[in-house]
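Scope of the values below: all heavy atoms of this structure, side chains included, with no hydrogens, waters or symmetry mates. Reminder, nothing fancy here: chain letters follow the sequence lines and each chain counts from 1.
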Amino acid sequence: MPTVKIKYDRDACQGHNRCYMLAPELFDTDDEGYAILLVEGDVPAELEEKARLAADNCPEFAIEIID
Amino acid sequence: MPDVPRPPVTDWATDFDHTHPDYAASAPEIWDELRETCPVAHTERFGGAWLPTRHEDVARIAKDTDNFSSQGIIVTDWRPDVPRPMGYAPPITSDPPFHAIARGLLLQFFSPKAIDGWEATARATCRELIAEIKASGTDLVDGAADYAQHIPVRVIADMLDLPREDGDKFRVFIHRIMEEPGQNQVLDYEDTLEAYLSRKIIERRENLGDDLISYLCNADVEGMALEDRHIFGTIALLIIAGIDTTWSGIGSSIWHLAQNPVDRKRWLTDPEVRPFALEEFLRFYAPVTMARLVAEDVEVGGCPMKEGDWTLLPFPSANRDPEAFDNADEFVIDRQRNRHTAFGLGIHRCVGSNLARMEMRVAIEEWMDAFPDFELADPESVTWSTGQVRGPRAMSIRITS
Ligand code: HEM
Ligand code: SF4
């Protein structure tokens, strides 16, 4: 079963918090509202769809899914 | 009402006027037309201004803080006289590097987790308003004036620890600044936002609490207290930026639901659709258009922008660009891919976005629970604001359930 990874670009992130709202299992937010990526390495298969959802809704294109 | 009626617009590509009532009435159609025929429109009005309509150009300008300055963000006939990089209302009028300092002071108060703490206040406010509407004993209610407009006022008053009764004053101040910019009004100083807030800041300094005004009065940046004009500018901004905008967002959502029984039903029966619906309201009815001053000559979409020109940043038009969104001109309540720009892009991303979202969500939830069925009493009589914030201002609704 192929797995995916998440690439999160802290410099591009402006704290829209779309990722945290859509995929709190994968993204937290810090005290200032910027995203914190919670998974290192492979995304658990059951969260893959949520990872894509977060990437597809980030207005700043700060999240990329690496297949 | 404007003192002098604005001359009619003959050609939106070469003579646009976003403060004209015709624009308020049909902005989405104007953007669609321009995107196809002349994606960066121009006008000699306001001393020279541009209107880019594509997502690509809007994003590019929002992210280019070298060529575009935030010193002015509301288009007027004159140019702002408060110098860069702070501007008159930090951080929205600030440029780098000062911008990050002014913005950094606010972020912790508006993070998603900090905003969770205000949800109960917002909900109680909505319930009070609904109780008043129900007690009035009529089936007609103005969804904009009797409901939407009060919600952001009361929450921000609480965050700043200002009396809620002053909310009516805030709305008058805001209306002058946002919807009638550039009209030569002679005002008594005592009757201005500046006089009001200056008094409040002096009082607060003598009696500090744990509210946001007290925090700014106490804050220091590299060992220095904030300048008075910084504190004043930021508090004024929080009042101005948070009220008309959120009021518009709630009002447009109710306007949409009034006319779309299928979407009403979906909202009520499928709670999982609600987060997507909320973002789609924000995409489709994005209330805010910002502006920039061109700081250095630059070309956008083949158009030569000159230093000192204005350029508008119509985030609502970017949100309807078919290059950036599938079926851009359709409201899709469960849209899964929605990188909308209602809260801006780049370093000025709306500081209040988490608050605004929470208020919109709670306001729609409470309204829908109380009034599952309703319609526009007279669609022709709905009025929309003019200028850079777009939303219904008078909207008679008939409750049918
Ligand atoms: C639906 C409601 C709202 C919308 C659509 C909205 C939209 C925006 C947009 C588009 C910007 C970007 C400005 C730019 O690029 O120049 C902005 C900035 C800002 N907004 Fe909002 N806003 C809303 C509600 C609020 C609320 C409730 C507050 C706070 C009480 C707020 C406070 C601010 C502040 C402080 C900035 C300046 C940020 C900066 O320059 O770094 N807004 N808003
Ligand atoms: S959605 Fe994008 S910009 Fe927003 S917090 Fe997540 S990564 Fe950052």
Side-chain angles (χ1 to χ4, degrees), chain A, chain B residues 55-56 58-60 62-63 65 91 99-101 103-116 272 274-280 282-283 286 315 318-319 324-326 334-358 360-361:
Chain A
M1 178 88 184
T3 50
V4 302
K5 291 187 171 56
I6 300 174
K7 203 169 129 208
Y8 161 64
D9 179 352
R10 173 66 180 77
D11 292 333
C13 173
Q14 298 292 350
H16 290 258
N17 293 303
R18 300 288 305 280
C19 53
Y20 170 63
M21 287 185 296
L22 289 164
E25 303 87 342
L26 297 170
F27 295 90
D28 198 358
T29 105
D30 69 16
D31 289 346
E32 296 198 321
Y34 293 98
I36 303 172
L37 180 58
L38 294 175
V39 284
E40 263 177 67
D42 294 340
V43 175
E46 69 278 11
L47 292 176
E48 190 180 316
E49 210 179 312
K50 285 208 166 184
R52 289 191 197 280
L53 199 58
D56 282 348
N57 285 281
C58 172
E60 307 285 351
F61 292 81
I63 303 169
E64 209 184 316
I65 303 300
I66 319 249
D67 287 282
Chain B
H55 181 282
E56 185 189 337
V58 170
R60 185 252 139 117
K63 289 177 186 199
T65 53
H99 168 263
I101 296 172
R103 181 178 170 90
L105 289 166
L106 300 175
L107 287 174
Q108 56 176 301
F109 290 92
F110 291 93
S111 73
K113 289 168 194 171
I115 292 304
D116 284 346
E272 287 189 6
R274 293 179 190 177
F276 296 96
L278 184 64
E279 301 303 326
E280 185 67 344
L282 283 162
R283 181 187 75 89
F315 295 113
N319 280 350
F325 297 91
D326 298 334
D334 55 0
R335 185 179 289 275
Q336 299 289 301
R337 301 172 58 121
N338 190 353
R339 301 178 197 262
H340 71 77
T341 65
F343 294 116
L345 288 171
I347 62 166
H348 291 277
R349 185 272 304 168
C350 178
V351 165
S353 62
N354 300 304
L355 171 61
R357 276 201 174 90
M358 179 277 281
M360 281 181 61
R361 173 172 54 78

Asker: Less than 4.0 angstrom from a charged side-chain N to a carboxylate O is my criterion; do B:Arg349 and A:Glu60 meet it?
Answerer: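 Here B:Arg349 does not pair with A:Glu60 in a salt bridge, since their nearest N and O are not under 4.0 Å apart.
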Asker: Tell me, for B:Phe276 versus chain A, whether the close heavy atoms (under 4.5 Å) come from the side chain, the backbone, both or neither.
Answerer: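 For B:Phe276, the contact with chain A is made by the side chain alone.
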Asker: Is chain A contacted by the side chain of B:Arg283, its backbone, both, or neither, given a heavy-atom distance below 4.5 Å?
Answerer: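 Neither part.
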Asker: If you count heavy-atom pairs under 4.5 Å between each of B:Arg335, B:Glu279, B:His348 and chain A, which one has the most?
Answerer: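 Highest number of heavy-atom pairs under 4.5 Å: B:Glu279.
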Asker: Once rounded to the nearest 0.5 Å, what's the spacing between atom CD of B:Gln336 and atom CG of A:Leu22?
Answerer: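 Between B:Gln336 CD and A:Leu22 CG, I get 8.5 Å after rounding to 0.5 Å.
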Asker: Answer with side chain, backbone, both or neither: which region of A:Asp28 has an atom nearer than 4.5 Å to a non-hydrogen atom of chain B?
Answerer: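 The answer is the side chain of A:Asp28.
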Asker: When heavy-atom pairs shorter than 4.5 Å are enumerated against chain A, which of B:Ile347, B:Ile115, B:Thr341 gives the highest number?
Answerer: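 Answer, by heavy-atom pair count under 4.5 Å with chain A: B:Ile347.
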Asker: I'd like to know if the side chain of A:Asn57 and the backbone of B:Asn338 have a donor-acceptor N/O pair within less than 3.5 Å.
Answerer: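 Answer holds: yes.
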Asker: Is it true that, when you exclude A:Glu40 itself, more than 12 heavy atoms of the residues, nucleotides or ligands shown sit nearer than 6.0 Å to its CD?
Answerer: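 No, because the 6.0 Å sphere around CD of A:Glu40 holds 12 heavy atoms or fewer from other groups.
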Asker: Could you walk me through whether A:Tyr20 and B:Lys113 pass the side-chain contact (heavy atoms from CB on, under 4.5 Å) test, one step at a time?
Answerer: CA-CA 11 Å; A:Tyr20 170 63; B:Lys113 289 168 194 171; 3.6 Å; yes
Asker: Name each donor-acceptor pair under 3.5 Å that joins a side chain in residues 30-39 of chain A to protein atoms two or more places apart or in another chain, with its distance.
Answerer:
{"from": "A:Asp30", "atom 1": "OD1", "to": "A:Glu32", "atom 2": "N", "distance (Å)": "2.9"}
{"from": "A:Asp30", "atom 1": "OD1", "to": "A:Gly33", "atom 2": "N", "distance (Å)": "2.9"}
{"from": "A:Asp30", "atom 1": "OD1", "to": "A:Tyr34", "atom 2": "N", "distance (Å)": "2.9"}

Asker: Looking only at heavy atoms and a cut-off of under 4.5 Å, which of B:Ser353, B:Pro275, B:Gly346, B:Ser111 has the most pairs with chain A?
Answerer: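 Among the listed options, the one with the most contacts to chain A is B:Gly346.
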Asker: Restricting to non-hydrogen atoms, name the atom on B:Arg357 and the atom on A:His16 that form the minimum distance, rounded to 0.1 Å.
Answerer: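 Reported closest heavy-atom pair: NH1-O, 3.3 Å.
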Asker: CG/A:Asn17 to CZ/B:Phe110 distance, rounded to the nearest 0.5 angstrom?
Answerer: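 One finds 13.5 Å between CG of A:Asn17 and CZ of B:Phe110.
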Asker: Measure from the side-chain N and O atoms of B:Arg337 to the backbone N and O of A:Ala55, and report whether any donor-acceptor pair falls under 3.5 Å.
Answerer: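 Between the backbone of A:Ala55 and the side chain of B:Arg337 there is no qualifying donor-acceptor contact (under 3.5 Å).
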Asker: Please check if the number of heavy atoms outside A:Lys7 that lie under 6.0 Å from its NZ is greater than 12.
Answerer: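 No, the 6.0 Å shell around NZ holds no more than 12 heavy atoms from other groups.
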Asker: Flag yes if more than 12 heavy atoms outside A:Glu25 fall under 6.0 Å of its CD atom; otherwise flag no.
Answerer: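 Counting other residues, nucleotides and ligands, CD of A:Glu25 exceeds 12 neighbours.
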